[in-house]
Amino acid sequence: MEFPLYQGIVAILVKLFQTPIDQTGRFVSAFFFYLSLIPIYVILSYLQVARAFRWLFLSLFLASPLYLFWARTFMIESTALFFSLAYLACIAVYFRYKSPIIALLACLCGIAASLTKVTTMAGFLILASVWIGANWFKKESSRNLARDLLIPVVLFIVIPFLLAKIWVNFADAQKLLNPMAADFITSKALRDWNFGTIAQKLSWSGWSNYLNMTLNDVFGGTIVSLIVLLILPFFTRRKLFILASTSLFIVTVAIFTNLHFVHNYYPYANALFLLVAAGFVLVGLIEKNQQILRYAGWLTLTLVLLSQFHLYRDYWYPQINHRNELEINYLEIAERVRNRTSTNGVILIYGSDWNPLIPYYSQRRSLMFNGQSNNQREENALDQLSKTNYKIEGIIFCNETRYEREQKKDLNSLYNLKDKPIFSNKHCDVYTTRHSK
């Protein structure tokens, strides 16, 4: 459970301007996506990329189908990436000017990134550690222990990491208060889910599928991406930057393997490293004296941009206005629930694990029972709910739970369900109770 920085910003804007929450959430996400261009530009300047070529890196980022699509969704990804980039940019500025204000700003950005999404910040934390070490050893004759090592390590590494750890412990403590979440969704219980298993980390098919999907989403095609990342680097002089950027991408996936293998939006956190590697490849070719290599660089850049545009237009853009059958069915259910229950009512949902569409669009408090819950856990949750002022006004059975007669019989004795569902579709049956409208 991440610190709700992004959610708080959205809530403030909704309250302040009375705007719809969905559109506001997407606006904030897109805003941080475009705002990320500033720290990227700053970082490139400190990596000694000529001003004339910095636009090339920014173009790859702006045209990437992965970033174009997920940046307009109601998600925290772009906010976490922006603060991670701002953190790194501030570190770069600090090493040049040694300003205490910049050091504090870097610390604050690091804290914001770690709390917003620690899995996004992880790669940048590794990069910052390497940067601090490289800066220390590079300045052997003029280095200052406090200014060049102690202050950066404490402010840029230790404090963000410790505060992220403190927040995770606090979040776990809150989850343990919930009888439905205790021993199920804490960081300890989700260790394998977050980090993956050894078998996953060593799975050839897992890595092959992941890289094929990700390279396609980032560059618009697997073949063009392999040409850029594996073949063309041999003709450039920036091999160290290319290798470092590509390795950082691989390392972050190796840490949070299962999350990356399961969620197709997770590369938002680290795909930028691949784009940076590609940028260095293309700039390295364009800077060459040989005319044929310069032409090859420009031609490859054009090919990548066209591939990105083509994939976004043909695959990702149609997804924006497309709703699949499952989403349509859940939206229908949410509308019926909203019309037949009061704003203070609670609904119970069975058989719809990890899907918040019904509670979100019905705007009702909900208790969702996942497939791993047991009878004792459910009884404890319902017992605690009965001691509050909130009444159960609706019960929804989805998928296989629609046919569990004994469960319906027990719930009927408690809440006096209506004889027939008020609404049914291919996925769910919706019942109301004696407390409903």
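Because the structure is a prediction, the values reported are computed rather than measured.
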Rounded to the nearest 0.5 Å, the OG1 atom of T343 sits from the CD atom of Q363 at a distance of 10.0 Å
Q. If you draw a 6.0 Å radius around CZ in F31, do more than 12 non-hydrogen atoms from other residues or ligands fall strictly inside?
A. no
Here the gap from L357 atom CG to S352 atom OG, rounded to the nearest 0.5 Å, amounts to 7.5 Å
*asked:* Aromatic contact between Y315 and F69, with the criterion being ring centroids under 6.0 Å apart: yes or no?
replied: no
Next on the checklist: One pair to check against disulfide (SG to SG under 2.5 Å): C428 and C398. What are the steps and the verdict?
Outcome noted: CA-CA 4 Å; C428 302; C398 296; 2.0 Å; yes
Considering residues, nucleotides and ligands other than Q48, do more than 12 of their heavy atoms fall under 6.0 Å from its CD?
no
* Answer yes if the ring centres of Y295 and W298 are under 6.0 angstrom apart, and no otherwise. => no
Taking CG in L202 as the centre, count heavy atoms belonging to other residues, nucleotides or ligands within less than 6.0 Å. Is the count above 12? yes
In this structure, CD1 of I358 is separated from CD1 of I347 (nearest 0.5 Å) by 6.5 Å
*asked:* Looking at I223, I want to see if its CD1 is surrounded by more than 12 non-hydrogen atoms of other residues, nucleotides or ligands under 6.0 Å.
replied: no
Output for pair (L81 CG, L35 CG), nearest 0.5 Å, gives 11.0 Å
Smallest heavy-atom separation, T120 atom then S84 atom, equals CG2-OG, 3.9 Å
Only residue of L60, T214, L229 satisfying side-chain contact (heavy atoms from CB on, under 4.5 Å) with F219 is L229
- Item | Side-chain heavy atoms of I349 within contact of P359, under 4.5 Å | yes
(request) Might you confirm whether atom OH of Y41 has over 12 heavy atoms from other residues, nucleotides or ligands at distances under 6.0 Å? (result) yes
Closest non-hydrogen atoms of A103 and F156, given as atom of the first, atom of the second and distance, are O-CE2, 3.4 Å
I422 and R336 have their tightest heavy-atom pair at O-NH1, 4.1 Å
> Is the Y361 to Y330 ring centre distance short of 6.0 Å?
Replying inline: no
Nearest heavy-atom contact between V337 and V430 is CG2-CG1, 4.1 Å
Taking the side chain as every heavy atom from C-beta outward, state whether L56 and L282 have any atom pair closer than 4.5 Å.
yes
With a 6.0 Å cut-off on the ring centroids, do F32 and F82 count as close?
yes
request  = Would you please test T257 and K201 for side-chain hydrogen bond (donor to acceptor under 3.5 Å, both in side chains) and show each step?
outcome  = CA-CA 6 Å; T257 310; K201 296 179 188 296; 2.9 Å; yes
| Audit row: Y360, N355, side-chain hydrogen bond (donor to acceptor under 3.5 Å, both in side chains) steps and yes/no | CA-CA 10 Å; Y360 178 76; N355 194 327; over 6 Å; no
Checklist entry - Under 6.0 Å from the six-membered ring centre of F397 and within 45° of its axis: does the NZ or CZ of R402 meet both? => result no
(Q) Given the ring of Y265, does K117 sit roughly above its face, with NZ or CZ under 6.0 Å from the centre of the six-membered ring and within 45° of the axis? (A) no
- prompt: Can you tell me if S424 and D429 form a side-chain donor-acceptor pair at under 3.5 Å?
  reply: yes
* Asked: Counting only heavy atoms not in F161, do more than 12 sit closer than 6.0 Å to its CZ atom?
  -> no
Proximity of Y87 and F124 rings by center, below 6.0 Å: no
Is the gap between the ring centers of F195 and F256 under 6.0 Å?
yes
For H260 and N270 the tightest heavy-atom approach is CE1-OD1, 3.5 Å
Shortest non-hydrogen pair, P233 vs L230, comes out as CD-C, 3.8 Å
### Task
Show your reasoning for whether salt bridge (charged side-chain N to carboxylate O under 4.0 Å, His left out) applies to R237 and E287.
CA-CA 10 Å; R237 62 182 178 83; E287 287 178 332; 3.4 Å; yes
Other residues, nucleotides, ligands: >12 heavy atoms within 6.0 Å of L16 CG:
yes
Problem set entry | Check: T116/T79 side-chain N/O donor and acceptor closer than 3.5 Å | no
query: Passes side-chain hydrogen bond (donor to acceptor under 3.5 Å, both in side chains), S362 versus R338? Steps please.
result: CA-CA 5 Å; S362 65; R338 190 168 60 250; over 6 Å; no
Rounded to the nearest 0.5 Å, the CZ atom of F74 sits from the CD atom of Q7 at a distance of 7.5 Å
Would you say the ring centroid of F33 lies under 6.0 angstrom from that of F61?
yes
**Study point:** Crowding at NZ, K165 (>12 non-hydrogen neighbours, <6.0 Å)
**Key:** no
dist F95:CZ -> N135:CG (nearest 0.5 Å) comes out at 4.5 Å
Residues T19, T24; criterion side-chain hydrogen bond (donor to acceptor under 3.5 Å, both in side chains); working and verdict
CA-CA 7 Å; T19 50; T24 306; 2.6 Å; yes
